[in-house]
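Presented below is the structure to which this report refers.
Heavy atoms only: backbone and side chains are in, while hydrogens, waters and symmetry mates are out. Chain letters run A, B, ... following the sequence lines, proteins first, then strands; residues in each count from 1.
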Amino acid sequence: MNDKYNPKEAEERIAGFWEKNKVYEYKKGGKTYAIDTPPPTVSGQIHVGHAYSYSQTDFVARYRRMKGYSVFYPFGLDNNGLPTELLVEKQNNVTAEHVGREKFIELVETTIKDYERLYIEIYKRLGISVDWNHYYTTISNDVQKISQYSFIELYKMGRTYRKETPTIWCTKDKTALSQMELEDKTLRSKFVKIRFAPDVVIATTRPEMLPACVAIFISPDDKRAKELAGKKVKVPIFGQEVKILQDRRVDPEKGTGIVMCCTFGDATDVEWYKAYNLPLSVVINEKGQMTHEHFKGMKIKDARSAIIEELKKSNHLIEEKEIDHVVNVHERCKTEIEFMVKKQWYIKYLDMKDELLRLGRELNWHPEYARNRYENWINGLQWDWAISRQRFFGIPFPIWYCKNCDEPIMPDKKDLPVNPLSMKSKAKCPKCGSSESVPESDVMDTWATSSLTPLINRRWGLDSEIPEIYPMALRPQAHDIISFWLFTTVVKCYLHTGKLPWKDAMISGYGLDPHGKPMHKSAGNTIEPLPVADKYGADALRYWASSSKLGEDASFQEKEVITGARLMNKLWNVAKFISKNKSGGKDMSNIMDRWIMARLAETTKQATEMFDDYNYSGAKRVVEEFFWFFCDNYVEFIKHRIYNNDTSANYALNAAFLSVLKMLAPFMPYVTEEIYQELYKNGPGDSIHLSEWPGFDKKMHDKQSLEDGDKIYKTIAFIRQWKHSKGMALNAELENVVLEGIPEEGEPEVRGAMNIKKITRGKGEAEIPETGIRAKLQ
RNA sequence: GGAGGCAUAGUCUAAUGGUAGGACGGCGCCUUUACACGGCGUAGGCAGGGGUUCGAUUCCCUUUGCCUCCACCA
């Protein structure tokens with residue numbers, strides 16, 4: 001064996017070995033364990049946070065493989081969403097709109113080739129034991145087919161509907177958004193008070209919405225309400241008459257206590273519009289320009305200043321002040337959102353709340369408390385799921401509309417996927433028989449597709465379908481998207497199959513930067529995984545990921561990686577020691593050998609139970625603890641016998657070390673494989689990752705040996721301490737030690753381990769704690 | 001405003017209804033044929049308040065601080 005272990009060299013070589021021998025290939029048969037791997041978004045960057053969560057899933061995958069499961073561990077990349085679109089647009093200096101959908105999808109596929117290679121290289125190097133035969137991207141033909149098929153099926157079930165509704169809209173990206181794509185931003189803005197009538201003064205931050213004012217609201221608790229409610233007032237400048245209505249959503253303490261409702265200034269306006277059947281008055285177009293004749297073509301902000309000037313002139317403006325206020329913006333481009341009335345496709349699920357809650361209770365959550373998020377989300381749902389997006393890139397809706405009667409026309413399953421923009425419908429209108437149709441130009445929200453990953457992995461409806469993997473065993477993911485990805489996957493898969501898509505959910509935390517902040521490209525705090533792997537080894541990086549418990553965030557600590565590298569080094573050195581002193585034999589006659597095997601049996605039991613419960617960090621901890629104890633004590637204690645080719649010592653040393661290697665293999669797949677190849681392989685192509693996980697051996701768990709061995713261990717530790725206090729080297733020779741009450745078998749062990757010439761069984765002086773043994777040292 | 005999580009030595013991180021374990025860093029000792037990327041030893045810690053209990057770092061309530069998701073934001 002080499003004197004030093006070189007992780008970079010070894011890891012690249014071993015990764016090739018695994019690939020060549022198809023170690024991670026899914027083989028049908030036996031107990032299947034299928035994992036619904038999260039497909040990372042192709043946005044251009046991978047950081048150690050990815051390494052953190054993917055490693056945690058990999059620990060479980062490797063454990064299950066060693067437990068004899070047929071592990072189905074696929075991998076996908078999510079490239080049908082906005083982040084990919086923006087990346088591709090930026091890199092090619094084009095816009096999707098100008099290039100056109102089909103050409104743009106081609107451009108995406110060529111542009112992301114480099115990223116694809118990079119992503120795959122990184123995940124491979126990290127030792128993620130994915131079977132790359134089951135690789136997909138969410139814009140691929142097969143996935144488009146499945147996604148469109150899903151839509152058509154849901155339509156047939158009556159689960160989708162199209163409705164003209166106010167929609168959250170981004171005027172910069174010119175697209176409808178979901179609630180999920182919004183974030184808060186504090187903006188400097190003007191807060192003005194406008195007099196509608198002598199006793200009706202409203203406060204607003206959006207005076208440009210005046211032409212769209214359709215009602216005035218006052219709280220029923222407001223003492224002015226009695227007098228004002230039901231009256232009509234004229235809107236300044238624009239002159240339309242609007243009614244004063246009462247509603248509890250008005251806070252009498254805020255502003256002037258009187259609010260105008262415009263179509264639409266904010267979400268409350270939308271609620272009032274629906275609740276009171278108010279008329280619609282649109283004054284802003286998709287691009288964020290005013291459409292009212294008064295300001296035609298003006299930008300919203302310019303119109304705001306212009307109207308404030310006019311209100312001043314006409315003496316309607318009572319007060320104007322600068323405030324900071326929080327508004328909803330589109331998370332990608334930070335543009336303030338507007339509301340547009342658009343025809344959108346929805347998936348109906350509000351009526352399924354009880355069923356969805358029941359499914360959430362059926363799922364085994366790890367950790368258990370993660371279920372609360374799921375339930376909390378469902379209980380708060382108020383709208384159905386809007387799945388259409390007015391963008392060019394994405395998976396198109398497989399729909400044409402009858403030119404004559406507007407009835408949707410869907411294609412045949414065998415013709416999927418379709419792009420209605422570039423092809424004509426083969427079918428005639430099912431309602432009126434017309435053969436004239438217009439294509440749907442919208443695309444589906446990316447969640448509408450990613451919510452199908454269990455069915456995508458199953459290759460649902462394709463010739464190559466793998467039905468036995470569904471329902472899958474495990475959904476691993478982070479806690480932030482329980483309400484998006486996990487929830488929507490339950491919805492869609494349940495609608496299609498009547499089953500929960502997985503048995504277990506494993507919810508991981510975030511890998512954060514060293515200061516505990518999330519890593520973002522924009523924050524400039526990303527740490528890339530490959531340089532870390534090159535410096536310390538992927539195993540060392542994985543060690544960091546294994547050190548925090550499931551569901552907890554962890555900040556990236558280089559020193560934790562270094563600790564992992566030390567563990568690798570220690571493993572290597574023990575292996576070196578063993579390889580230098582290897583001899584045959586299979587007895588276990590010596591007390592210390594029975595002792596360490598009994599301790600190992602306890603460790604094995606604990607580690608296995610913890611792993612079965614997805615407590616990988618606990619499993620790693622007990623094995624690691626055992627290993628250091630094994631090195632610092634057992635190995636030191638038996639050296640004198642190993643040098644004399646004692647077969648019992650040799651057998652136990654190898655058996656215990658092999659078990660440790662196997663139990664650390666899920667965490668440190670490379671160094672354990674390398675040592676396994678050097679010392680324990682059963683022939684060419686054999687891998688530790690296909691070897692059997694150590695079982696709990698009752699016979700090995702020998703209580704008497706455990707007790708006696710502990711006494712001997714404590715006696716040796718006592719003598720070590722004494723030598724230390726005398727400033728002696730630990731292997732310094734002692735002439736004579738008196739021991740009272742030492743188990744008979746222990747005497748030669750203490751003598752050999754502590755380099756004692758003679759042990760006398762006589763009256764001891766100092767009591768060795770917890771042993772009942774007394775010793776006299778000089 | 002709602003839901004959830006977290007709070008442990010200088011730093012990071014475990015376990016636990018009864019002496020809180022480890023790592024990095026400090027300090028001291030030991031170069032012994034696997035390893036000084038090592039060994040042995042030492043100093044140093046449960047956010048504040050209240051409750052349950054014979055006993056609370058652990059369970060409950062509360063305050064404070066941090067994080068995530070949701071809602072509100074005239």
Side-chain angles (χ1 to χ4, degrees), chain A residues 1 3-5 179-180 182 184 186-187 191-194 202-207 209 216-217 249-251 254-262 265-269 323-328 367 369-377 379-382 478-484 507 509-510 512 514 516-518 536 544 547-549 551-560 562-581 617-618 621-622 624-625 628 631-633 635-636 639 642-643 717 720-721 723-733 755:
Chain A
M1 286 180 72
D3 197 45
K4 295 270 177 215
Y5 174 69
Q179 286 176 31
M180 306 166 188
L182 305 184
D184 287 349
T186 305
L187 286 181
F191 186 71
V192 296
K193 289 184 181 168
I194 304 166
I202 67 107
T204 182
T205 53
R206 303 207 57 182
M209 295 305 292
I216 301 285
F217 281 92
R249 274 165 277 208
V250 181
D251 179 355
K254 256 186 186 171
T256 59
I258 304 177
V259 191
M260 69 170 176
C261 170
C262 309
D266 64 28
T268 318
D269 288 348
I323 56 156
D324 285 325
H325 77 145
V326 182
V327 293
N328 275 143
Y369 60 72
R371 177 184 283 114
N372 293 327
R373 286 225 185 167
Y374 175 87
E375 296 197 343
N376 188 234
W377 171 258
N379 288 327
L381 281 177
Q382 290 189 49
H479 50 60
D480 57 335
I481 49 174
I482 289 173
S483 46
F484 308 161
I507 306 299
Y510 272 174
L512 307 168
K517 298 282 171 216
Y536 301 107
W544 162 64
S547 304
S548 66
K549 69 178 172 192
E552 294 290 303
D553 296 344
S555 52
F556 179 76
Q557 300 294 329
E558 192 159 351
K559 65 188 178 67
E560 191 68 18
I562 292 170
T563 305
R566 295 226 168 102
L567 175 59
M568 289 155 64
N569 190 253
K570 194 80 176 172
L571 285 164
W572 187 254
N573 283 315
V574 175
K576 260 172 26 190
F577 173 70
I578 288 176
S579 74
K580 278 182 189 169
N581 297 290
S617 60
R621 191 184 63 246
V622 295
E624 188 187 13
E625 261 169 24
W628 285 99
C631 292
D632 297 343
N633 298 288
V635 174
E636 296 300 328
K639 272 182 173 168
I642 288 289
Y643 296 146
R720 274 180 167 178
Q721 220 162 337
K723 280 188 177 177
H724 173 80
S725 70
K726 301 285 174 202
M728 296 162 83
L730 294 182
N731 67 340
E733 193 180 68
N755 197 13

Does a side-chain N or O from [X] land closer than 4.0 Å to OP1 or OP2 of [N], or not?
| X | N | value |
| --- | --- | --- |
| A/Y510 | B/C6 | no |
| A/R566 | B/G38 | yes |
| A/K639 | B/A34 | yes |
| A/K570 | B/G39 | yes |

Please report the distance separating the [atom1] of [N] from the corresponding atom of [M], rounded so that it comes out in whole Å.
| N | M | atom1 | result |
| --- | --- | --- | --- |
| B/G41 | B/U57 | P | 29 Å |
| B/A43 | B/A47 | C1' | 23 Å |
| B/U64 | B/G26 | C1' | 32 Å |
| B/G5 | B/U58 | P | 16 Å |
| B/A20 | B/C54 | P | 23 Å |
| B/A15 | B/G25 | C1' | 23 Å |
| B/U63 | B/A9 | P | 24 Å |
| B/G44 | B/A7 | P | 24 Å |

Looking across every strand, which nucleic acid part, if any, lies under 4.0 Å from [X] by heavy atom: base, sugar-phosphate, or nothing?
| X | value |
| --- | --- |
| A/C261 | nothing |
| A/F217 | nothing |
| A/T268 | sugar-phosphate |
| A/G727 | sugar-phosphate |
| A/K4 | base |
| A/N372 | sugar-phosphate |
| A/N581 | nothing |
| A/W572 | nothing |

Gap separating the [atom1] atom of [X] from the [atom2] atom of [Y], nearest 0.5 angstrom:
| X | Y | atom1 | atom2 | value |
| --- | --- | --- | --- | --- |
| A/E624 | A/T563 | CD | OG1 | 8.5 Å |
| A/M260 | A/D269 | CE | CG | 8.0 Å |
| A/C262 | A/R206 | SG | CZ | 8.5 Å |
| A/L730 | A/Q721 | CG | CD | 11.0 Å |

Which comes earlier along RNA chain B counting from the 5' end, the contact point of A/A717 or that of A/N376, where each point is its nearest nucleotide?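 Looking at RNA chain B, the more 5' nearest nucleotide goes with A/N376.
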By nearest heavy atom, map A/D632 and A/A575 onto RNA chain B; which one lands nearer the 5' end? A/A575
Short question: side chain of A/N376, backbone of A/N372 - any donor-acceptor pair under 3.5 Å?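 The answer is no, because no donor-acceptor pair under 3.5 Å joins these two groups.
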Can a donor-acceptor pair be found, under 3.5 Å and without considering hydrogens, that links the side chain of A/R373 to the backbone of A/I482? no
Rounding to an integer number of Å, can you tell me how far [X] [atom1] sits from [N] [atom2]?
| X | N | atom1 | atom2 | value |
| --- | --- | --- | --- | --- |
| A/I481 | B/A3 | CD1 | P | 24 Å |
| A/N731 | B/A34 | CG | P | 11 Å |
| A/M728 | B/U32 | CE | C1' | 13 Å |

Once you measure the plane-to-plane angle for A/Y5 and A/W572, does it fall in the parallel (<30°), tilted (30-60°) or perpendicular (>60°) bin? tilted
If the plane angle is over 60° it's perpendicular, under 30° parallel, otherwise tilted; pick one for A/F484 and A/W377. perpendicular
Pairing nucleotide - B/G1, Watson-Crick or G-U, each distance under 3.5 Å: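 Checking every strand shown, B/G1 finds its partner in B/C70, with both distances under 3.5 Å.
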Counting distance alone, no hydrogens or angles: does the base of B/A34 have a donor or acceptor under 3.5 Å from a partner atom on the side chain of A/E636?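 Looking at the base of B/A34, it does pair with a donor or acceptor on the side chain of A/E636 (distance under 3.5 Å).
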Under 4.0 Å protein heavy-atom contact, by nucleotide of nucleotides 11-16 of chain B - B base, S sugar-phosphate only: BBSSS-
Nearest to the side chain of A/Y369 - B/A34, B/C70, B/G4? B/G4
Nearest-nucleotide pick for A/H724, side chain only, options being B/G41, B/A34, B/C30: B/G41
Donor-acceptor side-chain pairing of A/K576 and A/N573 below 3.5 angstrom: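 Yes - a donor-acceptor pair under 3.5 Å links their side chains.
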